[in-house]
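Below, chain A is the first sequence line, B the second, and so on; all start at residue 1. No experiment lies behind these values; they were computed from the predicted model shown.
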2 protein chains.
Amino acid sequence: MTTSRKTSFQDVQDEVIRRIQDRIWPQGSLLPTEFELAEEFGCARATVNRALRELAEKGIIDRKRKSGTRVVTAPVKQAVFEIAVVRHTIEERNADYRYALVHRSVDPIPAWLGARLDLPQGAQVVRVKCMHYADNRPFQFEDRWINIATVPDVVGADFSDRGPNEWLLEQVPFTDAEIAMTAVPADAQLSEFLAAPENTPLLQMERTTWLKGAPVTFVRMTYHPGYRMQTRY
Amino acid sequence: MTTSRKTSFQDVQDEVIRRIQDRIWPQGSLLPTEFELAEEFGCARATVNRALRELAEKGIIDRKRKSGTRVVTAPVKQAVFEIAVVRHTIEERNADYRYALVHRSVDPIPAWLGARLDLPQGAQVVRVKCMHYADNRPFQFEDRWINIATVPDVVGADFSDRGPNEWLLEQVPFTDAEIAMTAVPADAQLSEFLAAPENTPLLQMERTTWLKGAPVTFVRMTYHPGYRMQTRY
DNA sequence: TAGTGGTCTAGACCACTCT
DNA sequence: GAGTGGTCTAGACCACTAC
């Protein structure tokens with residue numbers, strides 16, 4: 001209605017959202033069929049389909065063949081956190097990024113991690129600890145294990161100039177991942193590197209990634225005190 | 001290739017992902033045009049379009065008119081946390097859910113919150129504190145402010161049997177929201193309700209929601225010690 | 001078995017943007 | 001100006017599922 005003369009899937013979506021918000025279609029109620037809506041809006045059924053399909057993916061409506069489309073009663077909303085490279089997170093805040101390598105070694109995998117990743121005893125990993133600073137103030141402490149079997153080239157990477165997160169992103173373009181967020185007390189090491197008294201509550205993110213089922217890396221990223229991980233949805 | 005004879009958008013998507021993972025299309029490289037891919041896969045351009053559009057939404061490829069489609073170099077991956085009602089989170093873990101109201105009052109909005117929500121001094125809010133238990137063990141402490149102007153019916157809700165989160169979901173079917181996660185030390189109140197020593201690190205989620213631009217509620221949800229918020233992507 | 005959503009097609013026009 | 005993705009159409013067939 002604004003610039004184009006045809007009804008776009010976006011127009012349909014906006015109107016559907018409006019009707020849900022205005023309780024014209026209350027929670028639990030049945031929407032008209034795609035065919036009926038297409039008639040009403042004067043567009044093709046495919047257009048209505050795309051509009052409704054996206055709303056279903058967002059968890060706002062529930063669609064079932066034969067039964068039809070219903071407004072969800074207790075929507076399970078999805079919060080999307082963008083997980084970028086630390087450097088980008090920092091530069092987005094208009095702060096200067098600095099990286100420092102703390103430790104690098106090649107070790108056999110620790111038992112607890114081997115169990116977690118389903119890797120045999122004696123599997124070799126590269127262990128890297130490093131710091132990320134924003135305007136020269138501690139931002140994040142990174143403690144990482146990289147599976148040499150999956151990423152053989154890691155043996156030749158020394159990580160003195162650039163963090164393993166950026167390096168890995170270039171080596172392994174696309175992975176599955178699992179992440180978890182917890183609150184942990186600062187231990188001696190974290191306390192030192194993040195310049196916080198011991199036992200200060202810190203936000204910690206753990207991430208495991210796989211490439212086609214093969215474990216790539218496990219990492220613990222601990223943020224400076226007071227860090228807020230924020231998003232809109 | 002499995003059951004259907006036509007090439008589905010899913011087939012196209014899987015093959016594109018495979019080629020990116022196998023470095024047939026390395027990071028930064030240009031993909032064939034939709035038309036060329038449609039020819040190769042023997043399907044309509046719309047099918048290729050849907051496959052690629054979804055990958056672009058996931059941040060795996062980058063599409064620009066005229067320039068074409070490229071494999072993203074440093075993918076900004078998105079972690080999706082499902083934010084459901086606490087009761088569902090608990091019941092999904094096969095635990096018994098129990099709710100307890102701790103406090104309910106009608107107050108003028110605190111200055112710090114008024115500033116945050118862009119509400120005038122003296123605006124009335126309902127303040128609710130409550131506890132959610134899993135198998136009778138503290139799971140989450142909820143501290144909430146509800147804007148009476150946006151949800152007038154809240155005045156008549158006493159929240160003695162059911163948490164304000166569930167009530168609000170029924171009243172306000174669809175909202176915008178902003179959430180933030182932090183690590184906080186247990187203060188006297190949290191320590192008491194969550195059965196944790198003072199200063200124990202706790203994971204806290206803050207959420208603000210709006211309905212069509214009008215603030216609905218602000219809530220702080222603090223989890224029991226050791227809680228992990230987890231997801232795959 | 002019939003109704004509803006899920007998907008694909010072949011074609012068309014449009015909008016952005018690089019040259 | 002021209003190439004590429006973005007979207008819409010009208011129709012078709014399929015797949016699931018409530019009846």
Side-chain angles (χ1 to χ4, degrees), chain A residues 1-17 19-20 25-73 75-76, chain B residues 1-17 19-20 25-73 75-76:
Chain A
M1 206 62 84
T2 51
T3 48
S4 68
R5 51 196 174 289
K6 287 184 180 174
T7 308
S8 75
F9 78 95
Q10 194 63 63
D11 296 335
V12 176
Q13 214 172 70
D14 292 346
E15 177 61 13
V16 169
I17 289 174
R19 291 188 188 176
I20 293 175
W25 292 330
Q27 282 153 300
S29 67
L30 199 58
L31 268 61
T33 65
E34 292 189 346
F35 184 79
E36 289 166 340
L37 286 173
E39 262 194 333
E40 181 195 337
F41 290 119
C43 64
R45 183 169 78 95
T47 305
V48 174
N49 180 275
R50 174 161 176 197
L52 296 187
R53 175 163 37 86
E54 291 186 359
L55 291 180
E57 279 165 11
K58 288 184 194 160
I60 292 158
I61 57 178
D62 193 31
R63 323 195 70 196
K64 272 186 196 150
R65 283 155 157 145
K66 169 76 177 174
S67 316
T69 301
R70 285 185 186 281
V71 181
V72 163
T73 313
V76 175
Chain B
M1 206 65 82
T2 51
T3 48
S4 69
R5 50 195 175 293
K6 284 186 184 175
T7 308
S8 76
F9 78 95
Q10 195 62 62
D11 296 335
V12 177
Q13 213 172 70
D14 291 346
E15 177 61 13
V16 169
I17 288 174
R19 292 188 188 177
I20 292 174
W25 291 330
Q27 283 154 300
S29 67
L30 199 59
L31 268 61
T33 65
E34 292 190 345
F35 184 78
E36 289 165 342
L37 287 172
E39 261 194 335
E40 182 195 337
F41 291 119
C43 64
R45 185 168 77 94
T47 305
V48 175
N49 180 276
R50 174 159 177 199
L52 296 188
R53 175 162 38 85
E54 290 186 359
L55 291 180
E57 279 164 10
K58 287 183 194 160
I60 292 158
I61 57 179
D62 192 32
R63 322 196 72 197
K64 273 187 195 150
R65 284 155 157 144
K66 169 74 178 178
S67 315
T69 301
R70 285 184 184 282
V71 180
V72 163
T73 313
V76 175

Ignoring backbone atoms, establish whether T7(B) has a side-chain N or O less than 4.0 Å from OP1 or OP2 of dC8(C).
-> no
So, is S67(A) near the phosphate of dG3(C), with a side-chain N or O under 4.0 Å from OP1 or OP2?
-> no
Flag, side chain of T7(B) to backbone of C43(B), donor-acceptor distance under 3.5 Å | no
May I ask you to say what F35(B) touches in the nucleic acid, namely base, sugar-phosphate or nothing, with a heavy-atom cut-off under 4.0 Å?
-> nothing
Please report, rounded to the nearest Å, how far the P atom of dC8(C) is from the CG atom of L52(B).
-> 13 Å
Length of the CZ-P vector between R63(A) and dA18(D), whole Å | 15 Å
Side chain of E34(A) only, please: which of dT9(C), dT7(C), dG5(C) is the nearest?
-> dG5(C)
Taking C-beta and beyond as the side chain, do L37(B) and E40(B) meet within less than 4.5 Å on heavy atoms?
-> yes
Residues E54(B) and R50(B) bridged, charged N to O under 4.0 Å = yes
Just how far, in rounded Å, is C1' of dG6(C) from CZ of R65(A)?
-> 5 Å
Starting at atom CZ of R53(B), determine the distance to atom P of dC8(C), rounded to an integer number of angstrom.
-> 12 Å
Does S8(B) offer a backbone N or O that forms a donor-acceptor pair with the side chain of D11(B) under 3.5 Å?
-> yes
Rounded to the Å, how far apart are E54(B) CD and dG5(D) P?
-> 17 Å
Can a side chain N or O of S8(A) be found less than 4.0 Å away from OP1 or OP2 on dC8(D)?
-> yes
Whole-Å distance separating the CG atom of D11(B) from the C1' atom of dT7(C) | 12 Å
Given that K66(A) and N49(A) both sit by DNA chain C, which one's nearest nucleotide is further toward the 5' end?
-> K66(A)
From dC8(D), dC16(C), dT9(C), pick the nucleotide closest to the side chain of C43(B)?
-> dT9(C)
Base, sugar-phosphate alone, or nothing: which one does R50(A) contact when heavy atoms must sit under 4.0 Å apart?
-> sugar-phosphate
Whole-Å distance separating the CG atom of L31(A) from the P atom of dG5(C) | 9 Å
Approximate separation, where rounding is to 0.5 Å, of I60(B) CD1 and T69(B) OG1 | 13.0 Å
To the nearest Å, how far apart are Q13(A) CD and dT7(D) C1'?
-> 14 Å
Between dA12(D), dC8(D), dT9(C), which one does the side chain of R45(A) approach most closely?
-> dA12(D)
Does the side chain of T69(B) get closer than 4.0 angstrom to OP1 or OP2 of dG5(D) through an N or O atom?
-> yes
